[in-house]
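Taking it in order: structure first as structure tokens, then the write-up.
We name chains A, B, ... by the order of the sequence lines, and we start the count at 1 in each one.
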4 protein chains.
Amino acid sequence: MITRDIQIRVRYKETDAMGVVHHSNYVTYYETARTEMLREFGTTYRALEESGIMLPVRDVTMRFFTPARYDDLLTVRISLCEMPGVRMTFYHDVLNEQGELVNTGTVVLVFMNAATRKACRAPGWFAEIFRPWFE
Amino acid sequence: MITRDIQIRVRYKETDAMGVVHHSNYVTYYETARTEMLREFGTTYRALEESGIMLPVRDVTMRFFTPARYDDLLTVRISLCEMPGVRMTFYHDVLNEQGELVNTGTVVLVFMNAATRKACRAPGWFAEIFRPWFE
Amino acid sequence: MITRDIQIRVRYKETDAMGVVHHSNYVTYYETARTEMLREFGTTYRALEESGIMLPVRDVTMRFFTPARYDDLLTVRISLCEMPGVRMTFYHDVLNEQGELVNTGTVVLVFMNAATRKACRAPGWFAEIFRPWFE
Amino acid sequence: MITRDIQIRVRYKETDAMGVVHHSNYVTYYETARTEMLREFGTTYRALEESGIMLPVRDVTMRFFTPARYDDLLTVRISLCEMPGVRMTFYHDVLNEQGELVNTGTVVLVFMNAATRKACRAPGWFAEIFRPWFE
């Protein structure tokens, strides 16, 4: 399992009339954390797209514990538990500055050939990046 | 079980660089469908808030089947399966104009006293609106 | 000048921690109003894109008067003041249910050939739709 | 005049079906840059709100030059040109990694007493932070 901590500062735009972060934004926080996690491993989601591969989302789950507020500095603890194959599954714990659990969630993405829009396997060059952690 | 069909037109803003609706927007489509379903039953979520009750989201699940695109007229088929108690659970099937299944999802909300920020039961006047369908 | 009234219901997601509609959403309300105005004239922005033309935004101005709130039914009074040429300019007054002015704004879009990403003139078939109002 | 450079990484969610950043997001980028600029001066917009002051937006203008794309690292060059009085006016140049001008914009905010929802002057403790730059 690979885990990284990605920090995200809550924007005013992301709050709602309850005074807290609107629940839909966590989906975007997970996405931002995936982007930054890939960058830490020396690749980017943009490079994947430029190689003709897309990663549409297949499943999302979220559970909410404690609300987050404007200007909170959240930590998205993101984990990848398996080698990328036909899909990639990420787990997320979102923590606030007091270390309280704000939210947990999972996202399953599937590899897709951008030209044919058909499911495919992760490209070899991409999967190999993660091999050292899964042996 | 109560089911209603709510129509939502995809906005350009809701698309992403894959040319399809970004997955985070379905969370907002579900919310919009809840708002409109309550209105069809003669009440509003705003009335609930004005009576001192909030309905924060506890859980979300989503599964994606077929992408939706700009200007698609989506039908959110939203169902309430139980009398409102300490929580409300909604089920959603999102369909496109060809009747294809775009997305399914569930949302669990909990009743909360806005002043104390503590969990509570659905107010009687609110729960009674739905009683005829659950007897 | 052509003017149409387009109604938009405020979503909870569009509110912020001040309890009002976050100012960025009006840009999207204008976009939604443009989409619906074109539909009322028998065409769509999607048809324009499918014919190989894009309409990126060149300029936006907005002024805010009275805040809007969750579940308000807003009227976007959208006006087109000139025949589409190399650009289209829209004016907007956003009104609440009491007829108060919430916001005014302008959007200038430019016609662009999607293949070359170069500026171009409005296609003849598109511009002709609006000729009866500008003679 | 005070100028600071704030960096913002484009999120996938912020792109649209043209493959570029949707124009509405720049309003949020300006807001994020304001938040970070205040933090660099040793205060926060959150502190201002907690002292009973809100800063609703009165005016926005934006002009678009070059599109930005997913994962671009944008620089928002934000300037404050006058001492905060009854309003604050910010100017923004958004630049991409090649130093090209993506967008320019202005935002005018007004000081408002949160309790009365009436316009007011900037609190003394807040305005004084900026005095050294305007003498």
Side-chain angles (χ1 to χ4, degrees), chain A residues 13-35 44-46 48-50 52-69 87 89-90 92 94 101-115 117-119, chain B residues 13-35 44-46 48-50 52-69 87 89-90 92 94 101-115 117-119:
Chain A
K13 156 79 171 161
E14 295 162 355
T15 61
D16 68 18
M18 283 193 217
V20 304
V21 172
H22 188 270
H23 60 288
S24 65
N25 292 291
Y26 292 90
V27 182
T28 302
Y29 294 167
Y30 300 162
E31 181 174 76
T32 301
R34 286 197 299 279
T35 287
T44 60
Y45 177 65
R46 178 145 71 174
L48 203 60
E49 278 210 346
E50 287 169 357
I53 299 293
M54 284 174 165
L55 265 176
V57 170
R58 166 74 186 181
D59 287 290
V60 173
T61 70
M62 297 194 281
R63 172 159 283 195
F64 298 89
F65 298 94
T66 294
R69 292 190 159 72
R87 70 176 68 84
T89 302
F90 293 94
H92 314 78
V94 181
L101 188 62
V102 169
N103 167 287
T104 59
T106 58
V107 177
V108 181
L109 304 105
V110 292
F111 288 89
M112 186 177 79
N113 181 311
R117 301 255 161 172
K118 299 278 183 206
Chain B
K13 156 78 170 160
E14 295 162 355
T15 61
D16 68 18
M18 283 193 217
V20 303
V21 172
H22 187 269
H23 60 290
S24 65
N25 292 291
Y26 292 91
V27 182
T28 301
Y29 294 166
Y30 300 162
E31 181 174 76
T32 301
R34 286 197 299 279
T35 286
T44 60
Y45 177 65
R46 178 146 70 173
L48 203 61
E49 279 210 344
E50 287 169 359
I53 300 293
M54 284 175 165
L55 266 175
V57 170
R58 166 74 185 182
D59 287 291
V60 173
T61 69
M62 297 194 281
R63 172 158 283 193
F64 298 89
F65 297 94
T66 295
R69 293 191 159 72
R87 70 176 69 84
T89 303
F90 293 94
H92 314 77
V94 181
L101 189 62
V102 169
N103 168 285
T104 59
T106 60
V107 177
V108 182
L109 304 106
V110 292
F111 287 90
M112 186 176 81
N113 182 309
R117 301 257 160 171
K118 299 279 183 206

Taking all heavy atoms of [X] and all of [Y], pick out the closest pair and write down the distance.
| X | Y | result |
| --- | --- | --- |
| His22(A) | Thr28(B) | CE1-OG1, 4.4 Å |
| Phe64(B) | Asp59(A) | CD1-N, 4.3 Å |
| Val27(B) | Met62(A) | CG2-CE, 4.3 Å |

>> So for Val20(A), is it side chain, backbone, both, or neither that comes closer than 4.5 Å to the heavy atoms of chain B?
In response: side chain
> Counting only heavy atoms not in Arg87(A), do more than 12 sit closer than 6.0 Å to its CZ atom?
Replying inline: no
>> Return the CZ to OG1 distance between Arg63(A) and Thr61(B), rounded to the nearest 0.5 Å.
In response: 11.0 Å
